[in-house]
Amino acid sequence: MPPPPPPLRFDVLTLFPGLFEGFLSESILKRAIRRGLIGVNLWDIRRWALDKHRSVDDTPFGGGPGMLMMAPPVVSAVEAVQASFGDRPGRLIAMTPAGRRLDQAFVEELAREPRIVLLCGRYEGFDQRIFDILRPEPLSIGDYVLSGGEVPAMAVIDAVMRLVPGVLGDDQSAIDESFGPDGGLEYPQYTRPRSYRGLDVPEVLLSGDHAAIARWRRQHRRTAGPSR
Ligand code: SAH
């Protein structure tokens, strides 16, 4: 019998699938994929180019610098990938600096989806008709401009997969950390050695007194915001 499909599957559409190789083949993500907890499929948009040069970009009407991703290959690629899912189209997200800003609340929302399609732009971005026809959710990872949607897509995959049950070694790790249920940021943490360059680990953390440790951590949780 074939193994059951992973609970969460990402489909990434990009002109540079090779960028994901190292990302998918190391550490937590590699383990999660091997254990069938996450699936990541890469689709090369160039496969859906129509002419013999396999063009996917062209100059903007009205002039201006750079190239734009053309609507026909991108729309065909997304439609073909979504059609391969059967009746559920999955949640379609286009990476763009003009989108809503990614935060932990949205990451949690995405972690409840079975299927997420991430569309990566390049050059100066997308022909507007890609948005008009496909109606993706535009998503930004912050107010700065990168040269492609691949790093933003990796940020989404990384943040979301940590919340899939079983992916992190200890299910508590995703609850205790920054932006958790209380919205705070992580308390200071220490590991060996106990003393380093004259800085000692706070005594309470070595005490074995779990209630006192919990109290200390609560007190030292940092708050989000400019006072950080
Ligand atoms: N000309 C565009 C920037 C294009 S950057 C503008 O002025 O807004 C090329 C591609 O990189 C974009 O299509 C998008 O997919 C990706 N990208 C760049 N910065 C990003 C960000 N902060 N968040 C999400 N995607 C981004």
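Both ligands and their constituent atoms are indexed starting at 1 by order of listing. Just so it is clear, the values below take in all heavy atoms, side chains as well, and ignore hydrogens, waters and symmetry mates.
Within the 4.5 Å cutoff, side-chain heavy atoms of P114 are placed close to those of R88. Proximity of L185 to R221: side-chain heavy atoms (C-beta onward) are nowhere separated by under 4.5 Å.
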In a table with atom names and distances, give each donor-acceptor pair under 3.5 Å that connects a side chain of residues 36-44 to protein atoms at least two apart or in another chain.
from : atom 1 : to  : atom 2 : distance (Å)
N41  : ND2    : D11 : OD2    : 3.1
W43  : NE1    : D11 : OD2    : 2.8
D44  : OD1    : R46 : N      : 3.0

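With values rounded to the nearest 0.5 angstrom, R122 atom CZ is found 4.0 Å from E150 atom CD.
Atom CZ of R129 sits in a sparse spot, with 12 or fewer heavy atoms from other residues, nucleotides or ligands closer than 6.0 Å. Atom CD of Q128 is surrounded by more than 12 heavy atoms from other residues, nucleotides or ligands within 6.0 Å.
For a heavy-atom separation below 4.0 Å, the residues in contact with ligand 1 are M95, T96, P97, G121, R122, Y123, E124, G125, F126, L139, S140, I141, G142, Y144, V145, L146, S147, G148, G149, P152.
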